[in-house]
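Excluded from the calculations below are hydrogen atoms, water molecules and symmetry mates; all remaining heavy atoms, backbone and side chain alike, are included. For this chain, numbers begin at 1 and follow the sequence in order. Values in this document were obtained by computation on a predicted structure and should not be read as measured data.
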Amino acid sequence: MKYLVRDKIFAIGDDYWIEDERGRHAFLVDGKAMRLRDTLELKDPDGQVLITLRQKMFSLRDAMTIERDDRPLATIRRKRLSLLRNHYRVTLVEGTELDVSGRILDREFTVEYDGELLAHISRQWFHVRDTYAVNAVREDADPAMLIAVAVCVIRMAERERED
């Protein structure tokens, strides 16, 4: 299943719908303004909060947390940096690790677990400049979690570029 995402949604205070491949509203990204740290909520079409994304405070390395039902679900940190590709590690609370690698700022990257592709994030499917897709490859994958991972690594890569 592919989900359509537009880059402009990532400004704090902005809200934007993410659509599924049939053009239906699938998720609402709700940017929380006036917060001490970077916070976004991913909601279902009925307004129910599915996932909360927060910038991790007081961390030696830039990190973001993904929470579900006010409990930590995962932490995302930059793994290593090369000239062509960015690498991030998503550590789930039970210890499972996902690898995110590719050209994050170009919106061309993958999310993998133990070498198995879970999602492909790409602009290649669209001609609109600020649009990309999150393609959840596995049918049993959690699309909200994969979208949250994509949003987090893009925000982190953009902050690194600004620094």
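- Smallest separation of non-hydrogen atoms from M156 and R78: CE-N, 4.1 Å.
- Contact between D99 and Y88 at its shortest, heavy atoms only, is OD1-O, 3.6 Å.
- Across all non-hydrogen atoms, the minimal contact from I51 to A148 is CG2-CB, 3.9 Å.
- Residues V151 and V49 do not share a hydrophobic cluster, defined by chaining ILVMFWY side chains whose heavy atoms lie under 4.5 Å apart.
- Note: the hydrophobic cluster containing L73 also contains L40 (ILVMFWY, side chain heavy atoms under 4.5 Å, direct or indirect links).
- Salt-bridge check for E41 with R68: failed, with every basic side-chain N at 4.0 Å or more from each acidic carboxylate O.
- Side chain of E21 to backbone of Y3: no donor-acceptor contact under 3.5 angstrom is found.
- Connection of V137 to I121 is not established within any shared hydrophobic cluster, with ILVMFWY side chains joined at heavy-atom distances below 4.5 Å, either directly or through further cluster members.
- Looking at D69, its side chain never comes within 3.5 Å of a backbone N or O of R71 through a donor-acceptor pair.
- Hydrophobic clustering (ILVMFWY, side-chain heavy atoms < 4.5 Å, transitive): V5 and M1 are in one cluster.
- Under the side-chain contact (heavy atoms from CB on, under 4.5 Å) test applied with I18, the options L4, V29, V134, L28 reduce to a single match, V29.
- One hydrophobic cluster holds both L42 and L92 under the rule that ILVMFWY side chains link at heavy-atom gaps under 4.5 Å.
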